[in-house]
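This report concerns only the one structure given below.
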Amino acid sequence: MVNAYPFFAYSGNAGDISLDYALFRPNAGVLDAGNGLKYYSLLDAQLDAVFAAVSRLGEGYNGVRVVVSETGWPSKGDANEAGASAANAAAYNGNLARRVLSGNAGTPRRPDADIDVYLFALFNENQKPGPTSERNYGVFYPNQQKVYDVEFVLGGGGASQGNGGLGWQENGGGASSTSTNPPSGVKVTTGEAWCVANAMAGEHRLQAALDYACGPGGADCKAIQPGAACFEPNTMVAHASYAFNDYYQRKGRSIGTCDFAGAAYVVNQAPKMGKCDLPSTV
């Protein structure tokens with residue numbers, strides 16, 4: 001059982017660690033010179049450090065199951081606690097939950113690991129001593145009011161034909177629907193939100209989802225064609241993020257339209273792909 005807190009690593013080294021890397025947002029990744037693996041999240045790097053240490057005990061320990069017994073992000077902190085904010089806490093907890101629920105709980109060192117994760121905490125511990133962050137890890141205040149909005153659900157459902165084997169399903173019907181309005185009763189994300197690619201899904205799944213979004217899904221992908229405004233950076237993650245976001249906005253940002261079987265997730269702070277800003281409306 002491991003208590004893993006990317007917040008502490010980021011807060012103490014904010015000048016060297018990307019906030020996107022700490023919050024599971026799209027980022028350029030970090031190459032580990034020791035094992036040759038590329039990491040797109042700080043939590044993965046922390047967990048693989050544990051796996052590497054365990055493996056040093058001998059081959060018989062390589063199969064030891066690891067549980068993340070605590071992880072979280074504070075919604076408030078002292079002046080010297082970089083990154084402590086409600087928006088960052090919502091991003092960390094929400095993106096982590098979506099990743100685990102999508103089945104992508106493995107790490108670069110152990111891609112098939114099935115890791116259970118326990119978030120810290122349900123309530124703010126308002127009488128706890130120490131820095132301000134220690135009293136502000138909760139999703140709720142002690143009076144049961146929400147500290148911030150975060151979705152602990154994964155959109156999508158049944159399988160759809162012709163999408164490379166991905167199992168997403170749009171709200172209210174099949175994957176060929178092009179309606180821009182969510183069906184009656186379908187929950188819609190409020191406030192600013194964008195849909196971005198999950199680099200940890202792998203290029204095969206991203207390509208299948210990208211082909212669907214730009215094809216039957218009806219996303220406008222002209223801007224990511226060669227020579228167009230958002231072609232650079234010419235990476236799968238950047239192009240898929242643009243297409244997924246266009247699709248998501250056209251679908252009215254209804255829950256389940258930014259999933260693609262774990263190949264995408266919602267963020268609440270504006271992502272930037274090189275010089276290309278992803279629109280929050282279409």
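Start at 1 with the first residue, then count along the sequence.
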Does [X] reach the side chain of [Y], with side-chain heavy atoms less than 4.5 Å apart?
X	Y	value
Pro142	Phe123	no
Tyr248	Trp194	no
Pro74	Arg135	no
Pro131	Glu81	yes
Lys146	Tyr141	no
Thr107	Ile115	yes
Pro279	Asn245	yes
Phe120	Asn3	no

Measure across [X] and [Y] and return the closest heavy-atom pair with its distance rounded to 0.1 Å.
X	Y	result
Phe7	Gly83	CE1-C, 4.2 Å
Ser69	Tyr118	O-CB, 3.4 Å
Leu206	Val237	CD1-CG2, 4.1 Å

- Query: How many angstroms lie between atom CZ of Phe231 and atom CD1 of Ile224, to the nearest 0.5 angstrom?
  - Reply: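 One finds 9.5 Å between CZ of Phe231 and CD1 of Ile224.
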- Got a second to check how far Phe244's CZ is from Cys195's SG, nearest 0.5 Å?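 One gets 7.0 Å once the value is rounded to the nearest 0.5 Å.
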Before accepting this row, confirm whether a basic side-chain N of the pair [X]/[Y] lies closer than 4.0 Å to the acidic partner's carboxylate O.
X	Y	result
Asp20	Arg25	yes
Asp259	Arg98	no
Glu134	Lys128	yes
Asp32	Arg109	no

- Should the pair Tyr10 and Trp73 be assigned to parallel (<30°), tilted (30 to 60°) or perpendicular (>60°) ring geometry?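 Ring orientation, 0 to 90° scale: tilted.
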Between [X] (side chain) and [Y] (backbone), is there a donor-acceptor pair under 3.5 Å?
X	Y	answer
Asn124	Asn126	no
Lys38	Ala28	yes
Ser85	Ser75	no
Ser241	Ala197	yes
Gln144	Phe140	no
Gln249	Ala193	yes

Going only through I, L, V, M, F, W and Y residues with side-chain contacts under 4.5 Å, is there a path from [X] to [Y]?
X	Y	value
Leu96	Leu122	yes
Leu119	Met1	no
Phe8	Val2	yes
Val54	Val68	yes

- Looking only at side chains, do Asn93 and Tyr148 share a donor and an acceptor under 3.5 Å apart?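 The answer is yes; a qualifying pair exists.
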- Task: Apply salt bridge (charged side-chain N to carboxylate O under 4.0 Å, His left out) to Asp44 and Arg99, showing your working.
- Result: CA-CA 12 Å; Asp44 276 351; Arg99 176 185 164 183; 2.8 Å; yes
- Are Tyr5 and Tyr137 close enough that their ring centres sit under 6.0 Å apart?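 Ring centroids of Tyr5 and Tyr137 are less than 6.0 Å from each other.
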